[in-house]
K.L.:
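Starting off with a structure, shown below.
Both backbone and side-chain heavy atoms feed into the values below; hydrogens, waters and symmetry mates do not.
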Amino acid sequence: MEDMISKIIDMDKKARSLTDEAQKSKLDFEKDILQKKEQIKNDYLARAKERIEINKHTAQKKADQQLEVIEKKNNAVIENLNSDYEKNGSKWVDEIVARVVGQ
């Protein structure tokens, strides 16, 4: 009888040991999964930041090119206006004065 009780106690100890090992393995796996999840998240964020920087530089370059085109057009218009004013400025002033005075 005592032999049987001793075997039951030994089996219980082994079962508890296996349960403890399984619980420890479960906790280790959960910890491992959390670390991998965090690493994947960090990798994703790093790649996203890289893409943002690339897109930022590309957009800035495109905006600079568009600004240059607009500035060239504006400068051409200003030159035309200045040229027209130099050619016709005194005539325009005389005409404006004449219209205001009523002649």
K.L.:
Can you name the nearest heavy-atom pair linking Tyr85 to Trp92, along with the distance?
P.N.:
CA-CZ3, 3.9 Å

K.L.:
Measuring from Ile40:CD1 to Lys36:NZ, what's the distance to the nearest 0.5 Å?
P.N.:
8.5 Å

K.L.:
From Gln60 CD over to Gln65 CD, what is the distance, rounded to the nearest 0.5 angstrom?
P.N.:
11.0 Å

K.L.:
Would you mind listing every salt bridge (charged side-chain N to carboxylate O under 4.0 Å, His left out) that reaches into residues 84-95, with sequence neighbours excluded?
P.N.:
Glu95-Arg99

K.L.:
With Glu38, which residues qualify under side chain to side chain contact (heavy atoms under 4.5 Å, CB included), at least two apart?
P.N.:
Lys41, Asn42

K.L.:
Among all residues two or more places apart in sequence or in another chain, which pass the salt bridge (charged side-chain N to carboxylate O under 4.0 Å, His left out) test with Asp28?
P.N.:
Lys24

K.L.:
So among Asn74, Val69, Leu67, which one has a side chain to side chain contact (heavy atoms under 4.5 Å, CB included) with Glu71?
P.N.:
Leu67

K.L.:
List, one per line, each side-chain donor-acceptor pair under 3.5 Å for residues 6-16, sequence neighbours excluded.
P.N.:
unit_1 : atom_1 : unit_2 : atom_2 : d
Asp12  : OD2    : Arg16  : NE     : 2.9
Asp12  : OD2    : Arg16  : NH2    : 3.4

K.L.:
Sequence neighbours excluded, which residues qualify as salt bridge (charged side-chain N to carboxylate O under 4.0 Å, His left out) partners of Glu68?
P.N.:
Lys72

K.L.:
Verify the cluster assignment for Val93 and Val101: are they in a single hydrophobic cluster under the rule of side-chain heavy atoms below 4.5 Å apart?
P.N.:
yes

K.L.:
Any side-chain to backbone donor/acceptor pair from Ser83 onto Glu79? Under 3.5 Å, distance only.
P.N.:
no

K.L.:
By the salt bridge (charged side-chain N to carboxylate O under 4.0 Å, His left out) test, which pairs, at least two apart or in different chains, include something from residues 51-60?
P.N.:
none

